[in-house]
Amino acid sequence: MSENKSEKNGKIDRRGFLKFMGIAGAAAGASVVVPKAVMPESGKRSLFAKAEGGAKGKQDYEVKPGEYDDYYGFWSGGHSGEVRVIGIPSMRELKRIPVFNIECGTGWGITNESKKLLKGKTVGDTHHVHGSYKNGVYDGKYLFVNDKINNRVARIRVDYMEVDRILEVPNIQGMHGLFPQRYPQTEWIAINTEFQIPMPNNPNAPQKEYYGAHTIVDAERMEVVCQVMVESNLDLAGTDYQGKYSFATSYNTEQGVTISEMLAADHDYLHVFHWGKIREALKAGKYKTINGVKVIDGRTGKSDIVLRIPVPKNPHGVNVSPDGKYAVCSGKVSPTATVVDISKLDDAFAGKIKPAQCVVAEPFIGLGPLHTTFDGRGNAITSVFIDSTNVKWNIAKAIEAEKAGPEVKKKNPHIVDVLDIHYQVGHIMATMAETKEADGRWLVSLNKMSKDRFINVGPLKPENEQLVDISGDKLKLVHDSPTYIEPHDVIMVRRDIIEPKVKHRYDMFEHPLAVTKSGVERKGNDVTIRLTANAPIYGLQEAKVKKGDRVTFIVTNHDEISDLAHGFALSNYNINFVIPPFATRSVTFTADKPGVYWAYCTNFCHALHLEMRMRLIVEA
Ligand code: CUK
Ligand code: CUA
Ligand code: CA
């Protein structure tokens, strides 16, 4: 076959490929000549070409057939336990990355490789996805996501878009806010814990000895560096753009265990953690080791690591503006946002000013403000849960009005626009907004309820994620997108940052068990069956084992063509997984049922895909 004939845009298209394989592969069954796969050319649509041409506030959100999106959206999948990749602005779902869930499509939680990471756990509740940074912008290396149920943090390699590490963090419950270091690069990740528990977890501990913790994780080693123990719970997390501080909102400084106790105080705090002082405490050995983790006592009066800035009671999100100047707390119970001037924090830590003096504005937003994002042009946009709105407001105007006094302030000069959304919004996020390259193009409103927005699919409705054009002064709703259980947060990363990092095939020998020669090996009752997979054949057409053997299948896909994955399912043995190009996957089970069992390819790969199978004969 001529390479050129079946290639379009530098990529072998499926139709041309299948035609070719149908002829060559079918006849031979032997090794086929695989055309050299070529990277598809980048730029099926130049980034922003159309938007620049259009008027402000009228960007084109339609992505035509064959065109690419401008942004990768990385979505937390809530208690589906997964991460989703959604193209922006089309809102097309491109991929699901299984993380804490069991997923029979890919075999996540079924293969030995994934089981080693999951360690028997089968549920997860992802809330916050963030990328690794260099100099305040994503570096396209990793994504990090938390599990609130089992208190784990997972790392996704961007090159394979696959989880490579999962860390279970001891001493905490309700792992919630997570934010990576933004400057100079991501060495640490700051993680908050929403539920207070005894540390160590002694069932007889009195309520006043329930603590929260700010956990620092080493991003490269995926190990806990330390925990700072505080008396309050810690909710959302943020980091600055200098590598000096991390932030945590708290809503239970009361150390309550009932809802009325948690609402008793008239204010709560934004906690600021001083990273230099954390390092000093670790160096000086000022910590206790609990369950193998260095725990620093950060309670009020016990250390100078934590600064507590009073904010209206029960706040929720904390987000840092892309210019690095402000940390904005969303009020939740209070209808306001609190703007903290980060340049004042050093003086507050040094005791030169009171923590409250770091607050430079407390503008009115609406009923139930939850999360704030930024357009990179000095405006903040805050999600408002009870009002079901996105409120765009100007940070500088809010600070001016605060200075000018109550007469000016009550006119709300900071408010730029209010958009009704549908309905009950949680997180919102603008494109690149958690980086210093916030570009103010698109915003996604992650609404908790869709109510009447879609045809009825039964009592459990989809959530509704709405795409908003924020390029003009007004917020302009352009698209509704239903999603399944139950996204919390998202980041949207420019395509040119991610795309060059993403690979078309695995590095075959990164997997220590990569199969180059098919065969069966027996050691006592342990039988290893090694298979190559080349469309449309596995390296063996049959294998024999004995009842009671512990059988391991190891399969390596030798097809290097982009998009050519094989599957491996074993009838009646509850096994299926997918093997992408040059990947190796393995599974181990006990052959407890004698008989003939067909293993077959589940991922359509060839005109003779249905013939891609082999027998496992389990002798009695
Ligand atoms: S939390 Cu869900 S709406 Cu877990 Cu970020 Cu605010
Ligand atoms: Cu291999 Cu289908
Ligand atoms: Ca409270």
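Whatever order the structure lists ligands and atoms in, that order sets their numbers, starting from 1. In this text the structure is predicted, and so the values were computed from the model without any measurement.
With distances taken over non-hydrogen atoms, the option nearest atom 5 (Cu) of ligand 1 out of Glu486, His427, Gln424, Lys332 is His427.
Under 2.8 Å from atom 5 (Cu) of ligand 1 lies no N/O/S atom of His316, from backbone or side chain alike. Using a cut-off of 2.8 Å, one finds that His128 contributes an N/O/S atom close to atom 5 (Cu) of ligand 1.
Closest protein heavy atom to atom 1 (S) of ligand 1: His176 NE2, 3.2 Å. The nearest protein atom to atom 2 (Cu) of ligand 1, hydrogens excluded, is given as His488 ND1, 2.1 Å; this is a heavy-atom distance.
Remark: Gln541 CD is loosely packed, at most 12 non-hydrogen atoms of other residues, nucleotides or ligands lying under 6.0 Å away.
Residue-ligand proximity, His371 to ligand 1, at heavy-atom distances under 4.0 Å covers atoms 1 (S), 3 (S), 5 (Cu), 6 (Cu). Atom numbering of ligand 1 starts at 1 in the shown order; those under 4.0 Å from a heavy atom of Lys448 are 2 (Cu), 3 (S).
Residue contacts with ligand 1: Leu236 is included, with a non-hydrogen atom under 4.0 Å away.
The aromatic rings of His271 and Tyr269 lie perpendicular to each other, with more than 60° between the two planes, well past the 30° mark.
Each of Asp559, Thr556, Asn603 was scored for a side chain to side chain donor-acceptor pair (under 3.5 Å) with His566, with one residue passing: Asp559.
Neither side chain, Glu194 nor Asn233, offers a donor N or O lying under 3.5 Å from an acceptor on the other.
In this structure the side chain of Val129 never reaches within 4.5 angstrom of the side chain of Phe144, judged on heavy atoms.
Between the CZ atom of Arg453 and the NE2 atom of His422 there is a distance of 4.0 Å, given to the nearest 0.5 Å.
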